[in-house]
Amino acid sequence: MSDMKIDKKNYASAQEVKWCSGCGDYSVLKQAQLALADLGLRNEEVVFVSGIGCSSRFPYYMNTYGYHTMHGRAMAIATGVRTQNPELSVWVATGDGDALSIGGNHFVHAAKRNMNMVVILMDNRIYGLTKGQVSPTSDKGVITKTTPYGSIDNPLDPVKLALGAGATFVSRSTGKNQKLLRELLVKAHQHKGFSLVHILQNCLIFNDNVFDRYTDKENAEHSLILEDGKPMIFGSEMDKGIVLDGMTPKVVNVADVDPADILVHDATNEDSILPSMLSSLPLDKFPMPMGVIRQVEGECYGESMRDQQEQVTSKLGSGDLQQLLRGNNTWTVA
Amino acid sequence: MSDMKIDKKNYASAQEVKWCSGCGDYSVLKQAQLALADLGLRNEEVVFVSGIGCSSRFPYYMNTYGYHTMHGRAMAIATGVRTQNPELSVWVATGDGDALSIGGNHFVHAAKRNMNMVVILMDNRIYGLTKGQVSPTSDKGVITKTTPYGSIDNPLDPVKLALGAGATFVSRSTGKNQKLLRELLVKAHQHKGFSLVHILQNCLIFNDNVFDRYTDKENAEHSLILEDGKPMIFGSEMDKGIVLDGMTPKVVNVADVDPADILVHDATNEDSILPSMLSSLPLDKFPMPMGVIRQVEGECYGESMRDQQEQVTSKLGSGDLQQLLRGNNTWTVA
Amino acid sequence: MQVKESGFENVVIRFAGDSGDGMQLTGTQFAAAVAQEGNEIVTMPDFPSEIRAPAGTTAGVSGFQVNFGKSNVRTPGDFVDVLVAMNPAALKVNVAVLDKGGAIIVDTDAFNAKNLEKAGYESNPLEDGSLEDLEVYALPITSQTLEALKDSALSKKDRGRCKNFFTLGILLWLHDQEPDYSIDYIKSKFARKPDIADANITVLEEGIAYARNKGVPQAQFKLSDKRLAPGEYRNLSGNKAVALGLAAAADLIGLNLYLGSYPITPATEILQELAVLKNYGVKTFQAEDEIAGICSAIGASFAGALAVTNTSGPGMSLKSEALGLAVISELPLVVVNVQRGGPSTGLPTKTEQSDLLQAMYGRHGECPMPVVSASTPGDCFYQAIEAARLAVKYMTPVILLTDGYLGNGSEPFLVPKVDELPDLSGLKREVEPEGFSPYRRDEKTLARDWAVPGMPGMQHRIGGLEKDYVDGSVSHDPVNHEKMSLIRQEKVDRIADDIPDLEIFGDQDGGEVGIFSWGSTFGAIRGKVEKYRAEGKSISHIHFTHMNPMPKNTAEVIAKFKKVVVAEMNLGQLDQILRAKYLVDSIPLTKIQGKPFREDEIANVIDKLL
Amino acid sequence: MQVKESGFENVVIRFAGDSGDGMQLTGTQFAAAVAQEGNEIVTMPDFPSEIRAPAGTTAGVSGFQVNFGKSNVRTPGDFVDVLVAMNPAALKVNVAVLDKGGAIIVDTDAFNAKNLEKAGYESNPLEDGSLEDLEVYALPITSQTLEALKDSALSKKDRGRCKNFFTLGILLWLHDQEPDYSIDYIKSKFARKPDIADANITVLEEGIAYARNKGVPQAQFKLSDKRLAPGEYRNLSGNKAVALGLAAAADLIGLNLYLGSYPITPATEILQELAVLKNYGVKTFQAEDEIAGICSAIGASFAGALAVTNTSGPGMSLKSEALGLAVISELPLVVVNVQRGGPSTGLPTKTEQSDLLQAMYGRHGECPMPVVSASTPGDCFYQAIEAARLAVKYMTPVILLTDGYLGNGSEPFLVPKVDELPDLSGLKREVEPEGFSPYRRDEKTLARDWAVPGMPGMQHRIGGLEKDYVDGSVSHDPVNHEKMSLIRQEKVDRIADDIPDLEIFGDQDGGEVGIFSWGSTFGAIRGKVEKYRAEGKSISHIHFTHMNPMPKNTAEVIAKFKKVVVAEMNLGQLDQILRAKYLVDSIPLTKIQGKPFREDEIANVIDKLL
Ligand SMILES: Cc1ncc(C[n+]2csc(CCOP(=O)(O)OP(=O)(O)O)c2C)c(N)n1
Ligand SMILES: Cc1ncc(C[n+]2csc(CCOP(=O)(O)OP(=O)(O)O)c2C)c(N)n1
Ligand code: SF4
Ligand code: SF4
Ligand SMILES: [Mg+2]
Ligand SMILES: [Mg+2]
């Protein structure tokens with residue numbers, strides 16, 4: 001982190017922002033610019049890669065290198081950027097459709113490879129840019145332009161899927177919780193490896209208010225803000241907690257149980273089953289976990305590529321073109 | 001199930017089987033034919049869909065309808081078959097590359113939708129048909145034709161990924177354990193929904209012996225055969241068990257602990273965190289779980305589609321073409 | 001135009017405002033009203049590429065153009081006679097289309113300092129004389145709307161929203177149209193919200209009254225010379241027409257319709273339209289991507305459906321591999337490509353005809369597929385049926401090319417009687433179990449048998465590997481491969497015997513110039529050729545719907561013209577095909593600006609040749 | 001041939017056996033031994049499509065063909081002079097290629113009842129007279145091998161495996177070649193396993209001795225008339241040559257090489273070869289699929305690498321969409337398509353040239369890309385360099401077409417001196433920070449500036465939407481889109497000034513027949529044309545390497561010939577391009593059987609024209 005004072009304006013491009021006014025993406029943009037300032041990154045070392053969608057317009061608004069690519073392919077392209085040059089700070093801006101529908105496989109494989117990049121997933125549970133079709137995170141039963149009688153599809157949870165693919169850093173925030181969001185973006189970048197920041201982002205045009213239960217002040221019952229080493233307590237009165245009953249998690253009144261029974265968050269224990277438990281809580285009965293859900297160490301693909309190159313080179317010597325062309329078996333015609 | 005006696009020959013096509021002799025796929029083929037006999041399915045109601053790979057030649061050998069499609073697309077095509085006709089018995093034959101590399105997204109989405117089909121995933125941790133490149137399930141460090149200095153990629157676990165996508169039936173067997181394999185194939189078909197049978201299948205040409213620790217008699221230490229309601233005990237002497245220490249699973253000597261502390265398998269509790277625990281055991285310290293890992297109820301996409309069609313039809317009446325062509329706003333030019 | 005003048009054959013009106021101003025609705029209502037009276041009419045929406053850019057900015061301007069009249073209404077119109085601009089940004093973006101002079105109606109209430117600045121005006125164009133040559137009706141639309149509703153119980157926001165009906169009232173007055181159709185519409189649309197219905201009706205009538213009172217001159221023409229053939233009409237966009245055509249084809253053939261699709265502009269509406277038709281036996285599947293979309297459709301076809309996938313450019317590229325599977329599997333499949341501006345993401349909301357060569361050749365291997373195209377929004381209905389007919393009859397995937405202009409544009413559509421539609425009842429051949437083999441072919445069409453899972457005794461395996469000609473099993477035999485490659489080609493070629501000949505609009509014996517075109521350029525070219533011919537010029541128009549194979553008389557027709565001009569919205573793709581096939585030294589007439597041809601652009605090339 | 005005859009110009013030998021019999025190695029060794037002496041030589045492996053079908057079946061037969069001699073060695077040979085058949089299945093599959101007569105060497109130990117049955121023989125062909133017209137050497141190869149090793153400590157299985165070197169010994173004797181090269185090879189290959197090395201050498205020498213003792217006649221010719229130019233040679237397959245060419249280009253330009261790839265037959269070897277070159281600054285990434293392969297390469301190109309992706313047919317189809325992104329982003333990228341038999345999975349292990357039109361047009365939108373092709377395995381090296389040169393110089397993706405025949409086939413390759421390779425050191429232009437704009441173009445090449453992340457002050461954003469001509473920002477302007485569409489086309493067209501003219505092999509002023517061809521048909525066509533010309537016929541051969549744009553003198557060259565024949569392994573794709581571009585009424589000469597042209601197939605068409 002540099003000590004010179006850099007503020008978010010330093011990371012804003014000259015381009016006029018073209019999201020609908022009131023769109024949840026504005027807040028993400030602002031926090032990302034602040035996080036870059038917090039991290040003191042040089043503009044030229046930062047690359048934002050995106051797919052297609054409202055959220056994927058993100059790179060245009062950043063005074064960094066940027067690539068607005070194809071629907072679903074941001075992570076595959078970012079993988080190339082980072083593998084070619086592991087010195088760059090690589091960020092992916094994507095949406096629920098972009099990352100989880102058409103781009104689902106690249107998401108899984110980027111996580112599996114532990115590609116060192118931050119994935120900012122702006123999840124509004126709808127296709128915004130194409131004007132309101134069901135998305136892979138949409139609730140069952142939801143009525144959209146393509147599900148006029150209600151969706152018959154189950155939602156996918158990006159956090160759970162990322163864990164299933166072995167992601168080393170998995171986190172979540174609402175778009176409204178600006179402090180948490182900024183903090184997560186900073187932590188995600190500091191983490192060495194694939195870092196998911198799943199953001200519940202409101203699309204006021206096509207899916208307004210879908211996250212109200214997680215963003216309204218009155219609804220503090222529905223969010224669980226995780227902190228490492230702290231018990232899992234939530235509720236407007238902080239009066240509810242989570243315990244494990246056999247192999248099944250339960251919500252209890254804090255007052256009713258031995259405080260020691262309340263589960264304590266630990267994101268960094270590699271073998272812990274807490275993260276997958278947190279990612280599988282049925283949300284009709286449980287709050288939505290927010291914050292860092294898992295953060296464990298792991299080798300990163302781009303870095304390992306470079307390291308292997310160095311090892312091979314130090315063992316075999318730097319390749320000589322003429323020798324390569326000759327190969328091992330030549331003969332001479334006089 | 002029909003009561004007439006049908007044996008596996010009934011399901012074998014006339015085509016000569018062309019896998020290398022000794023290939024692990026033979027055993028899978030045999031058990032699948034036996035399972036079809038156990039289930040008493042009519043040949044014409046069964047459809048086998050596959051991608052491309054050695055394992056994907058499967059449909060040619062079955063006396064059923066069959067479609068050997070494109071690399072990675074079997075589940076997407078099977079989704080169409082099943083959605084169009086939810087009366088058919090739909091099976092997907094696929095490999096680790098086919099299902100998890102190029103086909104990873106269709107795998108995730110078929111699981112998410114709870115498409116009612118059996119996925120027979122023959123995982124040899126290598127690309128067989130293309131002669132020995134690293135696959136998404138290959139171990140880190142492995143030397144293959146495309147990783148001459150060792151793979152720098154982390155393996156993906158199909159069971160874990162399927163759970164991450166919300167699969168309702170997830171199971172595993174080795175190819176060698178014929179009894180278990182047959183049993184799982186039958187159960188998978190009986191389950192209403194997406195059913196994964198993950199099979200550790202030996203490719204003797206390009207990746208021989210990679211599963212020895214799970215198939216050798218001497219290595220009973222490395223497999224945990226799950227049975228519902230039974231404690232998780234394993235080892236050649238059945239002397240080891242699994243307990244939970246806080247949120248971290250541990251292997252213990254059965255003799256050293258209170259038998260009640262040993263975890264009891266329960267595949268059918270929807271909220272249980274056991275399945276995800278079982279899918280995340282670090283295999284350097286734990287045995288590989290085999291058997292049915294998770295089996296819970298859920299609505300199936302193809303059936304829901306048909307149901308919704310029926311509901312809408314009963315509400316709005318069966319559509320009349322002439323009325324459709326007229327629409328709601330016409331005017332007449334005289 | 002000068003509104004006061006009369007005698008015009010057609011009038012072009014463009015409604016423009018902020019995305020939120022409801023101009024699409026106003027335009028559609030106006031169009032419907034004039035269509036009622038039997039006018040020819042063509043409409044064209046023009047969406048901004050941002051969903052809802054900041055209010056008041058030029059990026060957020062949404063437009064809707066209507067061309068109507070008694071003849072030669074074939075395009076939305078090259079230039080505008082009346083521009084309705086609800087704010088400064090709308091004026092700024094659109095004023096250029098008035099370059100022949102004309103009238104402007106603006107809402108003066110929106111021309112405040114803030115909006116002027118947002119639109120990037122240094123001074124107020126209503127005051128600085130820059131609109132001098134135009135006839136400007138500067139009316140306080142917003143405040144008059146609020147005034148008219150001062151007694152209404154609606155919220156101020158809701159009252160403000162009614163201004164589009166006030167605007168509609170002014171336009172109806174201007175063109176002397178009755179408000180009845182719109183009133184009926186309002187009543188049915190807001191049946192459950194009578195207060196809103198009342199407010200809108202009030203405002204609509206006030207708009208008419210205000211225009212009358214303020215002396216807005218009424219156009220002296222009355223566009224009542226009926227030119228539309230008698231019959232029952234509805235308004236229909238190309239995308240809706242494709243959806244209807246597919247549903248109709250499935251019904252006529254006696255199959256279930258299955259659509260595997262993934263949303264993409266401007267093709268999504270086909271999915272959305274079909275999704276509603278659950279009670280017509282239609283299944284729509286929104287897949288995880290375009291590949292899964294087509295794959296699921298192939299699966300559904302294997303299982304016996306009339307299967308369809310639809311998309312636009314980028315999605316079409318993604319489907320390339322699966323198209324190859326459909327070709328070698330010889331399964332029926334309709335693939336609709338609503339073309340848009342390319343390459344890559346390109347100009348997603350604009351139209352173009354640049355995917356023709358891809359439709360012909362965009363797959364690895366020798367992979368022939370029939371290709372048909374639609375000429376007008378209404379023709380989309382008939383070409384969708386045609387694509388389905390060829391697919392099932394010849395057991396092959398078929399590409400149907402439309403484009404953004406056809407998909408979004410609409411026109412009055414003469415509602416066909418079901419029993420006058422093509423009889424497709426015998427199209428799906430029964431499979432004879434005796435001696436069944438999956439690649440047994442019909443002698444005439446070369447179509448293979450379509451045995452479907454569930455049919456007893458006909459279990460078989462197909463796939464993407466080359467098949468043996470006789471028994472359909474996998475074959476690596478070299479000579480067999482050549483035979484199969486040729487037969488796949490011949491199957492497509494034989495379709496030429498089953499499609500209509502090319503028609504010459506103009507001189508049947510040929511002449512000086514023949515303009516050849518395809519797809520959505522139909523209206524622009526035909527309209528201009530009609531004018532040339534009215535002037536006695538030797539020019540004819542020949543329009544393709546079947547791109548592959550081409551009609552059997554193509555060579556003959558080409559040979560009739562001294563000069564062959566090929567007009568299209570790309571850099572010369574049909575031209576390339578005609579040159580290769582018929583060795584004709586044709587003259588390309590191309591435009592690639594995301595918009596249909598204008599008359600002057602056609603004239604630029606043609607005038608020199610005549 | 002009758003082995004005893006002499007005077008042959010070249011000899012074709014085909015080694016055939018079970019996949020496990022090591023015939024690829026035997027063939028390669030034999031080829032290397034004869035190449036040592038300066039013979040021209042072309043080799044061609046022929047893999048079964050099953051990995052390892054049941055031993056002894058025809059599905060499991062693996063072949064390797066060598067053509068060598070002092071002149072006119074341009075193809076692996078149409079017919080075989082000597083067939084080595086290690087079992088009945090190998091005989092059965094290959095006996096037809098001997099149809100001009102010739103010699104057969106069989107391992108009698110393998111002709112037992114079981115193997116005969118597996119191969120589908122009703123009676124033993126060695127005994128039933130069916131090989132009557134051929135010269136058959138029935139030798140107990142397996143038992144003689146075991147006999148020779150009776151004192152060896154190796155396991156029986158390992159001893160049995162040595163039989164391929166026994167066979168090699170026989171062949172070396174037959175053609176009077178020295179064993180030195182093979183002995184050296186064995187020593188270095190089994191350096192760590194001296195017992196195996198010893199056994200193989202013993203067996204090799206025994207093979208020679210056995211053949212001599214048993215009176216196997218020695219060919220009376222000695223193919224020593226050197227025709228290869230003097231210099232240092234290596235054996236090189238086309239796939240290896242592509243890998244070397246790419247590595248060389250990166251080195252010469254001064255960039256890192258990045259390959260994003262996904263395995264697919266017959267292109268995988270390029271990935272495998274480059275994966276070894278970590279110490280040459282090469283990064284290889286085996287992606288999750290072909291789309292990720294090309295996408296990661298585009299990302300690497302954005303980040304400053306010489307980026308490459310390689311694949312074959314189905315993978316090429318999958319890459320269509322991303323190719324469009326590369327075109328509109330104007331980033332350098334080399335895309336290698338090792339063509340195979342299509343459509344769909346088609347004939348994956350066979351060769352074909354049926355992806356040319358896809359290379360030209362297989363993307364949505366107007367999406368032009370340069371296309372180059374390679375003519376021989378060794379030429380793959382130079383065309384890979386050429387593709388990289390065009391990509392970086394013009395900032396564009398470039399397609400390099402090779403095919404399965406080139407990729408797997410090999411020939412002696414004159415090792416170039418690095419300093420004689422094209423000088424590419426100035427190719428990557430420096431970016432001037434002053435007034436930087438991402439789409440600022442070089443006046444001559446029209447290439448845009450390539451500023452790479454990490455360069456301070458030049459942050460910029462690009463993407464798949466249309467760009468403004470001036471500042472590179474997103475633009476929806478209609479006229480700008482046309483301008484950009486034309487400039488992308490022109491950039492490709494201008495390359496015509498930077499590539500060599502078409503050369504006429506034959507009559508420089510033209511004549512009766514010109515055969516035009518491209519890609520791997522080079523050898524077959526050139527060889528046949530040489531023969532015709534030796535007979536005094538007026539026929540010339542014109543071979544393309546640059547398919548888009550085409551050389552500037554193409555029209556002129558075409559015009560020189562009375563009859564223009566276009567030869568290719570598809571249904572007429574280059575033909576279609578030449579017709580469209582040059583309006584030439586050319587005569588297609590096509591074959592689509594997964595195999596190169598034979599002389600008689602060429603003659604069938606040409607003889608009628610001469
Ligand atoms: C290959 C391809 N398919 C489809 C599209 C159309 N498309 C653009 S964005 C989008 C979905 C956007 O949804 P999401 O990623 O959730 O972004 P949001 O707009 O909601 O932020 C789709 C389907 C496309 N551009 N390219
Ligand atoms: C689009 C496409 N890409 C690549 C290939 C080449 N290919 C065929 S099978 C295969 C991998 C097979 O691996 P797996 O699925 O594990 O099957 P196995 O052969 O090991 O049973 C590959 C890469 C192909 N046929 N099509
Ligand atoms: S449509 Fe929704 S997601 Fe897109 S910019 Fe508007 S509010 Fe944001
Ligand atoms: S290569 Fe491996 S997986 Fe393929 S058939 Fe042979 S043994 Fe089986
Ligand atoms: Mg979204
Ligand atoms: Mg495998």
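Quick caveat, the model's predicted, so the values are computed rather than measured.
- Looking at B:Leu325, both its backbone and its side chain come within 4.5 Å of chain C, counting heavy atoms on both sides.
- Side-chain contact between B:Arg113 and C:Phe285 is present, with at least one heavy-atom pair separated by less than 4.5 Å.
- Nearest heavy-atom pair, C:Val452 versus B:Tyr65, reported as atom, atom and distance to 0.1 Å: O-OH, 3.3 Å.
- Your options are C:Gly454, C:Ala451, C:Gly245, and the one with the most heavy-atom pairs under 4.5 Å with chain B is C:Gly454.
- The shortest heavy-atom contact between B:Tyr301 and C:Thr284 is OH-O, 4.2 Å.
- Contacts between C:Ala241 and chain B at a heavy-atom distance below 4.5 Å are absent for every atom of the residue.
- Ranked by non-hydrogen atom pairs under 4.5 Å with chain B, the options C:Ala292, C:Ser188, C:Ala297, C:Ala32 are led by C:Ala292.
- Side-chain N or O atoms of C:Asn279 include none that pairs as donor or acceptor with a backbone N or O of B:Val312 at under 3.5 Å.
- Heavy atoms closer than 4.5 Å to chain B are found in the side chain of C:Leu331, but not in its backbone.
- Between C:Gln459 and B:Ser13 there is no side-chain heavy-atom pair separated by less than 4.5 Å.
- We find the CE-OG distance between B:Met70 and C:Ser329 to be 8.5 Å, quoted to the nearest 0.5 Å.
- The NZ atom of C:Lys417 sits 12.0 Å away from atom CG of B:Leu321, with the distance rounded to the nearest 0.5 Å.
- Pairing each heavy atom of C:Ile291 with each of B:His106, the nearest pair is CG2-NE2, 4.3 Å.
- Here the rule is side-chain contact (heavy atoms from CB on, under 4.5 Å) with C:Phe302, and of B:Val49, B:Val47, B:Ile77 only B:Val47 fits it.
- Contact annotation for C:Leu421: only side-chain heavy atoms (C-beta onward) come within less than 4.5 Å of a heavy atom of chain B.
- Residue B:Leu324 comes nearest to C:Tyr280 through the heavy atom pair CB-OH, 3.5 Å, listed as atom of the first residue, atom of the second, then distance.
- Annotation: maximal heavy-atom pairing with chain C below 4.5 Å, among B:Asn85, B:Thr79, B:Val108, B:Thr69, occurs at B:Thr69.
- Interface remark: B:Met75 contributes no atoms to any contact with chain C (heavy atom separation under 4.5 Å).
- Shown here for B:Gln309 and C:Lys278, the closest heavy-atom pair between the two residues is CG-O, 3.5 Å.
- When the shell of 6.0 Å around CG of B:Asn328 is examined, it contains 12 or fewer heavy atoms from other residues, nucleotides or ligands.
- Rounding to the nearest 0.5 Å gives a distance of 13.5 Å between CZ of C:Arg234 and OG1 of B:Thr332.
- Heavy-atom contacts from other residues, nucleotides or ligands closer than 6.0 Å to CZ of B:Arg326 number 12 or fewer.
- With chain B as the partner, the residue from C:Pro416, C:Gly260, C:Gly457 showing the most heavy-atom pairs under 4.5 Å is C:Pro416.
- From B:His109, atom NE2 reaches atom OG of C:Ser296 across 13.0 Å, with rounding to the nearest 0.5 Å.
- Using a 4.5 Å cut-off between heavy atoms, C:Ala35 touches chain B through backbone and side chain atoms alike.
- When all heavy atoms of C:Ala303 and B:Gln84 are compared, the closest pair comes out as CB-CG, 3.9 Å.
- The aromatic rings of C:Tyr233 and B:Trp331 sit parallel to each other, their planes meeting at less than 30°, with 60° as the upper class boundary.
- By number of non-hydrogen pairs under 4.5 angstrom with chain C, the leading residue of B:Glu310, B:Lys112, B:Met305 is B:Met305.
- Annotation for C:Glu232: atom CD counts as buried by contact number, over 12 foreign heavy atoms lying within 6.0 Å.
- Of the inter-residue distances, the one linking C:His460 atom NE2 with B:Tyr67 atom OH reads 9.5 Å to the nearest 0.5 angstrom.
- Note that CG of B:Asn105 is 5.5 Å distant from CD of C:Glu288, once rounded to the nearest 0.5 Å.
- For a residue to count as touching a neighbouring chain, one of its non-hydrogen atoms must lie under 4.5 Å from one of that chain's; by this rule C:Leu236 does not touch chain B.
- With a 4.5 angstrom heavy-atom cutoff, C:Asp184 does not touch chain B via any of its atoms.
- No other option in C:Asp251, C:Val415, C:Leu244, C:Leu325 has as many heavy-atom pairs under 4.5 Å with chain B as C:Leu325.
- Across C:Ala300, C:Pro438, C:Pro453, C:Pro230, the residue that shares the most heavy-atom pairs under 4.5 angstrom with chain B is C:Pro453.
- If you measure heavy-atom distances from C:Val282 to chain B, the contacts under 4.5 Å come from the backbone alone.
- With chain B as the partner, the residue from C:Gly463, C:Ala305, C:Gly231, C:Gly293 showing the most heavy-atom pairs under 4.5 Å is C:Gly231.
- No more than 12 heavy atoms of other residues, nucleotides or ligands lie within 6.0 Å of NZ in B:Lys30, so this atom counts as exposed by the packing criterion.
- At least one side-chain heavy atom of B:Asn63 sits under 4.5 Å from a side-chain heavy atom of C:Arg461.
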